[in-house]
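Every chain is numbered from 1 and lettered A, B, ... according to where its sequence line falls, protein lines coming before strand lines.
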Amino acid sequence: MMQETRHPELLVTAKDIEEIKQLIDAGADAINIGGEEYGLRMPGNFTLEMIGQATELAHSHGVKVYVSMNALLHNDHLHQLESYIKTLAEFKVDAIVYGDPAILLTASQLAPEIKLHWNTETTSTNYTTVNYWAKKGATRAVLARELSLEEVIDVKKHVQIEVQAQIHGLTCIFHSKRTLVSSYLDHITHQEEKKASKESNLFLREHKRPDEKYPVFEDIHGTHIMSNDEISMIEHLNLLIDAGIDSLKIEGLLLPTDYLVYLTKTYRQAIDLYLEKQEIPFNNEEIEKAQKNKRPLTTGFYFKEQIY
Amino acid sequence: MTNNLKPQRILKKPELLAPAGNLEKLQFAINYGADAVYIGGQQFGLRAKAGNFTFEDMEEGVKFAHERGAKVYVATNIIAHNDDLEGLEDYLKKLYEIGIDAIIVADPAIIMTSKQIVPNLEVHLSTQMSITNWQSIKFWKEEGIERVVLAREVSIKEIKEIKENVDIEIEAFIHGAMCISYSGRCVLSNHMTSRDANRGGCAQSCRWSYDLFEDGIIEEEVTENKQDIPLFNEEDDPYTMSSKDLCMLENIPDMIEAGVDSLKIEGRMKSVHYVATVVNAYRHAIDAYMTDPENYKFDPAWIDEIQKASHRPLTRAFYYNHPTLEDQIYGKETRLRKFDFVGQVMSYDEETGLATIQQRNNFMVGQEVEFFGPNTKFTQVISYIEDEEGNKLDAARHPLQMVKVKVDQAVMTNDMMRKEN
């Protein structure tokens, strides 16, 4: 008897309304956006007004909108929290992505109809903890990129809520509240003009790893360092689909729009073809053709051993 | 009825909490003034290299601490993957049986298991959770958490707001090395060396040397001869992310006034000498302030003491201002250490004026040394050393060798002898 494979969601981040339009056309099932104040490392800074427009647009195409509110919140961030969440509820966004329990508490009181996706980035690592947050009201767990595929599948087997895993893009490997790049530029004194925002295209090179480039930028939450490699699971998508992973995410941070749209189209076709014919006629070469900066495409930690 | 008197301020004396990498350090930390120590067991902790306690050592440590009114907390603060949780229930039961006063936890999986299996074991939330606001703390209080160790990014002003909004014990770091990232939110080590930072494998990649470039590729126009543009000159220091070490010794009144319940010193990997010296300095500052807050004056001798143990340059990190370049270390890292720990007093004979000393580092006749203990502090020149058989020596050269040294003033068991290097 053939087991029925469920259709996984293709989730893509977006940096502005224009990009959302293109991603919807390219086949995204859901869009992840956010504003800088409450979201962490979002590709674009959406104001509430823009979130409203984006939601209307997405919903008119049957596409879902998830708003990230997973920043590390200090007391001062709490003042506007209630009105922000109430507005999201008016827009009927489909889910809030949270890390801090302050968001979970406020959202479940003020807007119980909005789904909650638990995402503490590097620390969402086991099914016992997923089940803990499920009991508190989370409907989805966004798993850390530092898990192996085996661990991801094992989480899925032991939880009742949805599981989301990243299939493409960079991943954050370091977050400090300090303004480390600006401090360094101040220290060396001759680069006063230089900015350290996402748009500045800065990267770090570790002295003993001359071939690796780690993008680095600052925003209101501090300093973020991204991975040298770009996760690309195009050749192994079948394993995630077979395991029943509910949402497959393309992280668009630091990727140009046309490339992100290309990725979305490719993964859309790959998912559909696999479900229809059990084959995926794509590999990394197709992706490299569209990739401009030749960042290494890897499988991240999915097939890698870690020691501790 | 009128009352012109100012209302009496009731200050709660905070706990002084010290690291203890092993049984000896636990004993020294408590002897030198710690109200509580935190240790690691052989599982579920983050300091794979910190010595760590067997259950037998824990039993002995708990007995030693409890006899002296001190507490023992065990760090079980890994961010677990699925398979890491195996054996957790038995481990927690064992800790409870041993009489551990609390566990320090970072993963809700361990919180939940502990609350089910050993509901009477107190749970403290680790700084690895990077808890930064009062609503989050309120959530955890409702989950049965007794104490929260704050993220190192929280300011004194924010601590006050937290205490005003939630009735819960707050623990905050006052001294030692710091993650420069939000704790738990750094996987540099995982990505660069395949060692999992959140499970005790941290390779300290943040303190390595990097160069900063601007990527020459402009997204829209790809050219063949694109180049990476270095933002540094040849003579510049490399890009580093090394924080100076935290030191709040001069600001103890602010920490107490903010309502911090437990003042924490970092360093399970640090030496006995370091732990004893730092603990003792803070013990003096806390006691002086609590005895007479109105007339408290900071004694510069306390900071001189701190300087005698190995340390990086010092900072107050996030407590008053957002850190800048002044709070970081650039260029070659210099560890400042003025003194070596050369001997531990095992006993003292009042009649002969001879102290039995276990050698910890070379010392010889004619050298000036300092004796230091919870109630001891004096300097002298060594005039006479003999071995256990009574043979006169010119120097104590052998590690852990037992010798007798003539001392100018009375000393106590467990006092330390140190020498300027």
Check: A/T122 side chain, B/C186 main-chain N or O, donor-acceptor pair, under 3.5 Å: no
Rounded distance (nearest 0.5 Å) linking atom OH of B/Y330 with atom CG of A/D186: 8.0 Å
Test item: B/S136 side-chain N/O and A/D100 main-chain N/O as donor-acceptor pair under 3.5 Å: no
Part of residues 72-82 of chain A lying next to chain B, heavy-atom separation under 4.5 Å: A/L72, A/L73, A/H74, A/N75, A/D76, A/L78, A/L81
Test item: B/N82 side-chain N/O and A/E151 main-chain N/O as donor-acceptor pair under 3.5 Å: yes
Neighbour count above 12 (heavy atom, 6.0 Å) for A/K304 NZ: yes
Point-to-point distance, once rounded to the nearest 0.5 Å, from OG of A/S176 to CZ of B/R152: 11.5 Å
B/E234, CD atom: more than 12 neighbouring heavy atoms under 6.0 Å: no
Residue part contacting chain B, namely of A/E146, when any heavy atom lies under 4.5 Å: both
A/K136 NZ: over 12 foreign heavy atoms closer than 6.0 Å: yes
Spacing of CG belonging to A/L180 relative to OH belonging to B/Y239, to within rounding of 0.5 Å: 4.5 Å
More than 12 heavy atoms of other groups within 6.0 Å of A/E150 CD: no
B/N190, part contacting chain A, at a heavy-atom distance under 4.5 Å: both
Part of B/M192 lying under 4.5 Å from any heavy atom of chain A: both
Residues A/Y132 and B/E143: side-chain donor-acceptor under 3.5 angstrom: yes
Side chain, backbone, both or neither of B/H322 within contact of chain A (heavy atoms, under 4.5 Å): side chain
Under 4.5 Å from any heavy atom of chain A - which part of B/E158: both
Sidechain-backbone polar pair: B/E153 side chain, A/K177 backbone, donor-acceptor under 3.5 Å: no
Ring centre gap for A/H190 and B/F232 strictly below 6.0 Å: no
Donor + acceptor pair across side chains of B/D84, A/N126 (<3.5 Å): no
A/S148, part contacting chain B, at a heavy-atom distance under 4.5 Å: neither
Chain B contact via A/V130 - side chain, backbone, both or neither, heavy atoms under 4.5 Å: neither
Atom group of B/L188 that falls short of 4.5 Å from chain A, counting heavy atoms: both
Carboxylate-amine/guanidinium contact A/K213 B/D228, below 4.0 Å: yes
For A/F203, ring pair (Phe, Tyr, Trp, His ring centres under 6.0 Å) partners two or more places apart: B/F213
